[in-house]
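Hydrogens, waters and symmetry mates play no part in the numbers below; they use all other heavy atoms, side chains included.
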Amino acid sequence: MSSSPGAAGAPRFRLAAGLLLASLAAFGWSVWKTQFAWRAGWGDEAMPRHAQADPRALAGGDLTTFHTGFIPFGQAADNLPWRWAALFDEGDGLFDKRFQPGDGRVASAQQDLPGQRRSGLGPLYNADACSACHFRDGRPPRPHEGGALAGLFVRVSVPDGRGGFHAATGYATQLRDKAVAGVVPEARPRVEWVEEAGRYPDGQPYRLRRPRVVFEQLAYGPLPPDAIVELRSAPPVHGGGLLEALDEHEILAQQDPAGRRDPDAVSGRAQWVADPETGARVLGRFSLKANQPSLRAQAAGAAFDDMGLTSPVHPRQPCLAHQRDCLAAPHGGTEAEPELSEAQLQALTSYLQWLAVPARRGLDDAVALQGERLFVQARCSACHRPDWVTGQQHPIRRLRGQHIQPYTDLLLHDMGPALAGRPDGVATANEWRTAPLWGIGLAARSQGYTRLLHDQRARSLEEAVLWHGGEAEPARRRFMNLPRAERQALIRFLETL
């Protein structure tokens, strides 16, 4: 018995209609986010035309945005060709998508609705969306009261006795505090903040705080006494395409492992990691310790570690924490159809490549310009390198040859024992990648609060500076010895980036 043409065409029509509606919804969100919200002036301070023409304002070169409303980090580069604009919009939708749990077997292949497939969140995870940690493409949402984690996560390393480190028995290296129904989360951590007081040489007091992670639950056994526990916070993601386009040779040329070329013995060295797809030893650029080599690897790694989503880069399903044999396997889990498809991973990567950089502001602010000079005199710029030109080798032509101002050297630096975390790749516990400063002055407007550094301990730019130690200790001392008005001028400069 054959079906009629109309009956056969109905499902295809519903599928096409569903895809059309989904595309229109994504397009509408993109238009609202990049046009209406900005033009509505919700917190917006539109830069005057003469400032937009000033080359000093072009922090992201051709990828600079002059939108300064409440989503300054989520804007696309202007005038994208249709192909890139379509990928950006699709990636934008995926970045904000709340993924749902699968059934643990065929979740990624099961069709719930026409045009949609189960996405297989978990079984253990920290967040259900990229934007849950990168709120408005910046840092995590406002922290909850009572010390609960919100966009923060905990990583644990255990020495292996051979100079390396591994995960604690029964756990992943990144502890997952959430789980799907029927599965027990690995841990229930919370943060207690310990405050300490200090004074500048001129007598002005200040207060700093450091985190202490407390585990209210460790579901799969105790952590060994030599475990290194590190609290981490998701960083902003704007400008990633430009950092990816920087020439590797120029990054490596800045290295000075012994600090012989620098008057303050600032050294800096590259992070080297294994490419997750080829296994080749490659330069790390992204994440807090530069342990990801590319935006594709960064997107796939975050999907896998934070949400439990497999992809072509990480094709094996994450193991349940109690499956000791599975966790001990070289790759863990069982291979199945990726829950994040190749097309979706490409869209997410394109989204990250085309996120624009907020323009520098305050170009006619005498105090901020004084602060810029003090920033250089204090030698903060020894690590936070202001100016770069992207290389000519990136496959996307528009990302080549861009004059940018990221204020980073993308190298690892010893920040002293006060900021020590866990080793990661070649990075020691004390070493961190120099964080880009572009857009840092808009963080409070975007996130609604100020929490800085790798674990949100700094509640202001001033506190962030005061936590610098190790190679940055001479620069910190110069900042502390400035008169109060000049310290405020330096902070004012950072607020204009």
Side-chain angles (χ1 to χ4, degrees), residues 29-30 32-34 37-38 40 42-44 67-75 91-100 119 121-122 124-155 174-179 185 187-193 209 211 213-214 216 230-240 286-288 298-299 301-303 305-309 348 351-352 355 358 435-436 439-461 463-464:
W29 163 246
S30 176
W32 181 87
K33 190 166 88 167
T34 60
W38 168 54
W42 293 349
D44 184 44
H67 299 256
T68 56
F70 72 103
I71 4 178
F73 305 138
Q75 306 299 324
D92 191 357
L94 286 167
F95 197 85
D96 291 328
K97 174 182 172 64
R98 298 286 176 179
F99 287 88
Q100 300 297 318
S119 41
L121 177 73
L124 292 154
Y125 62 97
N126 296 109
D128 61 0
C130 302
S131 58
C133 292
H134 301 280
F135 181 58
R136 296 175 182 163
D137 302 281
R139 291 173 174 80
R142 181 181 292 277
H144 295 317
E145 297 297 327
L149 304 189
L152 292 165
F153 51 90
V154 176
R155 288 187 174 171
Q174 181 169 310
L175 300 186
R176 282 76 58 91
D177 62 339
K178 298 177 180 64
R188 295 288 190 196
R190 61 181 175 85
V191 184
E192 293 180 351
W193 296 101
R209 65 173 194 167
V213 178
V214 178
E216 295 180 340
E230 176 188 282
L231 185 67
R232 285 199 178 187
S233 174
V237 294
H238 59 276
F286 300 101
S287 191
L288 295 167
Q298 172 71 26
D305 291 333
D306 301 346
M307 295 183 280
L309 297 175
L348 268 176
Y351 176 70
L352 296 173
L355 278 173
I440 198 167
L442 293 171
R445 174 173 296 182
S446 175
Q447 268 59 69
Y449 70 98
T450 300
R451 296 289 186 273
L452 303 172
L453 298 182
H454 68 277
D455 53 11
Q456 294 193 5
R457 68 176 64 193
R459 294 162 292 189
S460 66
L461 287 163
E463 286 188 24

Please report the shortest heavy-atom distance between T450 and S460, naming the atom on each side. CG2-CA, 3.9 Å
Q298 and S287, any side-chain heavy atoms less than 4.5 Å apart: yes
Could you report the tightest heavy-atom contact between A132 and P141, atom names first, then the distance? O-CD, 3.2 Å
On a heavy-atom basis, the closest approach of A464 and L452 is CB-CD1, 4.2 Å
Donor-acceptor contact present, side-chain R136 to main-chain S446, <3.5 Å: yes
Heavy-atom side-chain proximity of P189 to V214 below 4.5 angstrom: no
Supply the atom-to-atom distance L152 CG to D455 CG, rounded to the nearest 0.5 angstrom. 8.0 Å
Could you walk me through whether L231 and V191 pass the side chain to side chain contact (heavy atoms under 4.5 Å, CB included) check? CA-CA 9 Å; L231 185 67; V191 184; 3.9 Å; yes
So NZ of K178 and OH of Y125: to nearest 0.5 Å the spacing works out to 7.0 Å
Less than 4.5 Å apart, side chain to side chain, heavy atoms only: is that true for D137 and Y351? yes
How far does CG of D96 sit from SG of C130, to the nearest 0.5 angstrom? 8.5 Å
Partner of S233 by side-chain contact (heavy atoms from CB on, under 4.5 Å), out of R457, Q456, R451: Q456
S131 side chain vs H134 backbone, donor-acceptor pair below 3.5 Å: no
Are R232 and L288 close enough, and set up right, to give a side chain to side chain contact (heavy atoms under 4.5 Å, CB included), and what steps lead you there? CA-CA 9 Å; R232 285 199 178 187; L288 295 167; 3.9 Å; yes
Residue pair F73, L442: steps toward the side chain to side chain contact (heavy atoms under 4.5 Å, CB included) verdict: CA-CA 9 Å; F73 305 138; L442 293 171; 4.1 Å; yes
Determine the minimum heavy-atom distance between L348 and G91, stating which atoms define it. CD2-O, 3.7 Å
Apply side chain to side chain contact (heavy atoms under 4.5 Å, CB included) to the pair F95 and L352, showing each step before the final yes or no. CA-CA 9 Å; F95 197 85; L352 296 173; 4.2 Å; yes
Do the side chain of N126 and the main chain of L175 share a donor and acceptor less than 3.5 angstrom apart? yes
Verify whether one side chain among Q100 and D128 offers a donor that lies under 3.5 Å from an acceptor in the other. no
Are the side chains of P140 and Y449 in contact, using a 4.5 Å heavy-atom criterion? yes
Hydrogens and angles aside, do R139 and Q447 bring a side-chain donor and acceptor to less than 3.5 Å of each other? no
Is the NZ or CZ atom of K97 positioned over F99's six-membered ring, under 6.0 angstrom from the centre and within 45° of the axis? yes
Got R155 and D305 here, is their nearest side-chain heavy-atom distance under 4.5 Å? yes
